[in-house]
A.B. asks: 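Dumping the structure here so I can ask a few things about it.
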Amino acid sequence: MSQKIPTQDNSANPVKIQPAKIIGMHADKPKIFPRAIRGFFQNIRHITMALALFVYAALPWLNWDGRQAILFDLSHQQFFILGLTFAPQDFFFLSWLLIIAAFGLFVVTVFAGRVFCGYACPQTTWTAFFLWIEKITEGERNARMKLDKAPMSINKFVRRAVKHFLWLLISFATGFIFVGYFTPIHTLAADFATGNLGGWGYVFIALFTVFTYLNAGWLREQVCFYMCPYGRLQSVMFDKDTLIVSYDTERGESRGSRKKNINHKEAGLGDCIDCQLCVQVCPTGIDIRDGLQLECIQCAACIDACDSIMDQMGYERGLVRYTTEHILKEKTGYHWLRPRLIGYSAAFVVMVLIFIYSLALRVPLTIDAIRDRNQLYRENSEGLIENVYTLKVMNKSQQAQQYHVVLTGDAHIQLIPISDFSLAAGEVSNMPVTLQADPAELTQANTKIVFKVNSVSDKSITAQTESRFIAPANP
């Protein structure tokens, strides 16, 4: 006989159930007010970021042989890069270049961590530019923090209004210059003002204005935290010999404030005076003394900040420095010959050499044969079968060229003679051509043919394309 589970009647004293609390999965981070700092690494950062901004703004204005040097003319499907002209068929060069850039980033990351993020990333560059605007309009770090907490006043409104106006002005300039890579920039301002730019031009200027304003002005480090995948990938590429910004725990601990003239070693203190300056200058608001973190972009602001404090205290520099895990823990030298670094570097060099070689051998001419889609073939008054094609020829050289068209394949198929033709640099021509053949001499209804176009003045410039000649089947 089974036994009943004992129960207790609590109906007289019911248990009060508290409503469940909703716990968010994301903790809001406090607003970051980076403090400006000067030093060796910040001077390098300022130079690289200023150079990046200058190159971005100036490149579309550069001319080459009377034409915009960098122009991606989507409407005419022509892409001009310095002395080279590319067509959509050359997009594999772009894919190749992106792969090379990725491997170059791998090499840099394995060697020195996220230095690209700290010194050359567009997000970092524009954010630093916006922070500089914020500094000159609202003051240094403490003044900005005080102004942020203060109630709205005329002073606060004016400062914020000027800041946001300058942010929007820079954002608009960014979008305007971006469109200048796809539309001739020398006429862009006039087209914009007169309404002749076209709908997509206005759309992209507006999009880049909005995204630049939001990313660099409002989101800032949030882009690095939550939107950029590179921070998540870095752990795959790091090893114990990757140069990273690190705090020397053995030398710095235990940390604490002290007077400058005391012997801190006898007092049981390390070199870190716990001034928090390394945290105040960090653009992502982390404490480098907590070790390597996802949010660290290797900008070395904490290094310059700590070195300035070490100089004031009379201590040796390098409490926070670029170093490796091996050097910190095992006191060894830097290991240059590492399989991962060698492998990435070798792959990068090989791809660059092959890319340069392929680019040097690239023929500055493209040809495509498009069959007449209205009819497969036609019979003329003499009983000959004719096929009509359109030859699309593009001169990708930087000089005018004269071309001659020949046909190879079945000897019974003849090209109705056409005159040689000339194309200016970058010009595209759609030329109708007609082939004819005696159906009695054809052995098959579908015959392979090859159109070949040769430059009259430069015999090395030649290109060809295949097509088919269609005829009625022989009984």
Side-chain angles (χ1 to χ4, degrees), residues 64-97 182-184 357-378 380 384-437 446-471:
W64 189 285
D65 291 336
R67 174 184 47 75
Q68 187 170 321
I70 307 294
L71 178 62
F72 306 102
D73 192 347
L74 297 178
S75 60
H76 296 91
Q77 297 184 356
Q78 298 178 25
F79 311 97
F80 305 101
I81 302 178
L82 300 180
L84 300 175
T85 303
F86 296 91
Q89 296 90 333
D90 298 316
F91 260 31
F92 72 93
F93 280 110
L94 175 61
S95 302
W96 200 342
L97 192 62
F182 298 88
T183 300
Y357 178 76
S358 301
L359 205 58
L361 294 182
R362 168 180 167 273
V363 177
L365 171 66
T366 59
I367 174 176
D368 191 17
I370 305 171
R371 285 185 51 83
D372 184 5
R373 289 177 171 50
N374 293 323
Q375 55 184 353
L376 292 177
Y377 60 88
R378 69 190 182 193
N380 64 15
L384 300 178
I385 301 301
E386 293 184 344
N387 282 197
V388 178
Y389 305 81
T390 298
L391 289 185
K392 186 175 183 179
V393 183
M394 180 179 181
N395 177 13
K396 297 191 292 185
S397 70
Q398 298 302 303
Q399 297 83 30
Q401 299 285 344
Q402 186 176 11
Y403 297 106
H404 177 70
V405 181
V406 296
L407 180 72
T408 61
D410 193 324
H412 298 104
I413 303 174
Q414 300 296 321
L415 169 68
I416 295 180
I418 58 175
S419 303
D420 293 349
F421 59 97
S422 298
L423 293 179
E427 185 180 357
V428 180
S429 175
N430 293 313
M431 178 174 298
V433 296
T434 303
L435 305 183
Q436 63 183 18
N446 191 323
T447 306
K448 174 185 172 181
I449 56 172
V450 177
F451 291 100
K452 181 181 279 189
V453 176
N454 303 315
S455 172
V456 176
S457 58
D458 189 345
K459 300 302 181 182
S460 65
I461 300 178
T462 179
Q464 64 183 34
T465 184
E466 295 182 2
S467 190
R468 312 298 295 188
F469 185 88
I470 307 298

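Count residues from 1 along the sequence.
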A.B. asks: Can you list the residues that meet the salt bridge (Lys or Arg N to Asp or Glu O under 4.0 Å) rule with D90, with sequence neighbours excluded?
C.D. replies: R362, K396
A.B. asks: The criterion is side chain to side chain contact (heavy atoms under 4.5 Å, CB included); which residues satisfy it with S460, sequence neighbours excluded?
C.D. replies: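 Per chain and number, S460 pairs via side chain to side chain contact (heavy atoms under 4.5 Å, CB included) with D458.
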A.B. asks: Looking at F92, I want to see if its CZ is surrounded by more than 12 non-hydrogen atoms of other residues, nucleotides or ligands under 6.0 Å.
C.D. replies: yes
A.B. asks: Quick one: are S397 and L365 in side-chain contact, heavy atoms under 4.5 Å?
C.D. replies: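 Side chain of S397 against side chain of L365, heavy atoms only: no contact under 4.5 Å found.
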A.B. asks: Checking A400 now: which residues fulfil side chain to side chain contact (heavy atoms under 4.5 Å, CB included) with it, not counting sequence neighbours?
C.D. replies: none
A.B. asks: What residues form a salt bridge (Lys or Arg N to Asp or Glu O under 4.0 Å) with K448, not counting sequence neighbours?
C.D. replies: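 Scan of K448 (salt bridge (Lys or Arg N to Asp or Glu O under 4.0 Å), adjacent residues dropped) gives E466.
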A.B. asks: Using the salt bridge (charged side-chain N to carboxylate O under 4.0 Å, His left out) rule, collect all pairs that involve residues 423-435, keeping only residues at least two apart or in two chains.
C.D. replies: none
A.B. asks: With sequence neighbours excluded, tell me which residues meet salt bridge (Lys or Arg N to Asp or Glu O under 4.0 Å) with R371.
C.D. replies: none
A.B. asks: List the atom pairs, donor and acceptor, that lie under 3.5 Å between side-chain atoms in residues 412-422 and the rest of the protein, sequence neighbours left out.
C.D. replies:
{"residue": "H412", "atom": "ND1", "partner": "D410", "partner atom": "OD1", "Å": "3.0"}
{"residue": "Q414", "atom": "NE2", "partner": "A411", "partner atom": "O", "Å": "2.6"}
{"residue": "D420", "atom": "OD1", "partner": "H404", "partner atom": "ND1", "Å": "2.7"}

A.B. asks: CG/L359 to CZ/F93 distance, rounded to the nearest 0.5 angstrom?
C.D. replies: 5.5 Å
A.B. asks: Do you know which of V456, N454, N395, T462 makes side-chain contact (heavy atoms from CB on, under 4.5 Å) with Y403?
C.D. replies: N395
A.B. asks: Indicate every side-chain donor-acceptor pair of residues 76-83 with a distance under 3.5 Å to a residue at least two apart or in another chain.
C.D. replies:
{"residue": "H76", "atom": "ND1", "partner": "D73", "partner atom": "OD1", "Å": "3.3"}
{"residue": "H76", "atom": "ND1", "partner": "D73", "partner atom": "OD2", "Å": "3.0"}
{"residue": "Q78", "atom": "NE2", "partner": "G426", "partner atom": "O", "Å": "2.9"}

A.B. asks: Which residues pass the side chain to side chain contact (heavy atoms under 4.5 Å, CB included) test with A425, sequence neighbours left out?
C.D. replies: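 None.
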A.B. asks: Could you walk me through whether F451 and V433 pass the side chain to side chain contact (heavy atoms under 4.5 Å, CB included) test, one step at a time?
C.D. replies: CA-CA 10 Å; F451 291 100; V433 296; 4.0 Å; yes
A.B. asks: For N446, what residues pass the side chain to side chain contact (heavy atoms under 4.5 Å, CB included) criterion, not counting sequence neighbours?
C.D. replies: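 So N446 forms a side chain to side chain contact (heavy atoms under 4.5 Å, CB included) with R468, I470.
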A.B. asks: Distance check, rounded to the nearest 0.5 Å: T465 atom OG1 versus L391 atom CG?
C.D. replies: 8.5 Å
A.B. asks: Decide yes or no for Q401 and L423: does some side-chain heavy atom of the first lie under 4.5 Å from some side-chain heavy atom of the second?
C.D. replies: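 The answer is no; the side chains never approach within 4.5 Å.
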A.B. asks: Can you confirm whether L71 sits close enough to W64 that some side-chain heavy atom of one is under 4.5 Å from a side-chain heavy atom of the other?
C.D. replies: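 In short, these two side chains do not touch, never coming nearer than 4.5 Å.
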A.B. asks: Are the side chains of R378 and T434 in contact, using a 4.5 Å heavy-atom criterion?
C.D. replies: yes
A.B. asks: Using side-chain hydrogen bond (donor to acceptor under 3.5 Å, both in side chains) as the criterion, list what pairs up with Q398, not counting sequence neighbours.
C.D. replies: R67, T85
A.B. asks: Taking only residues two or more places apart in sequence, or in another chain, which ones meet F182 in a ring-ring contact (aromatic ring centres under 6.0 Å, His included)?
C.D. replies: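 By the ring-ring contact (aromatic ring centres under 6.0 Å, His included) rule, F182 matches F72, F178.
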A.B. asks: Under the criterion side-chain contact (heavy atoms from CB on, under 4.5 Å), which of I367, T366, D368 is the partner of M394?
C.D. replies: T366
A.B. asks: Measure the shortest side-chain to side-chain distance between F469 and L407 over non-hydrogen atoms and say whether it is less than 4.5 angstrom.
C.D. replies: no
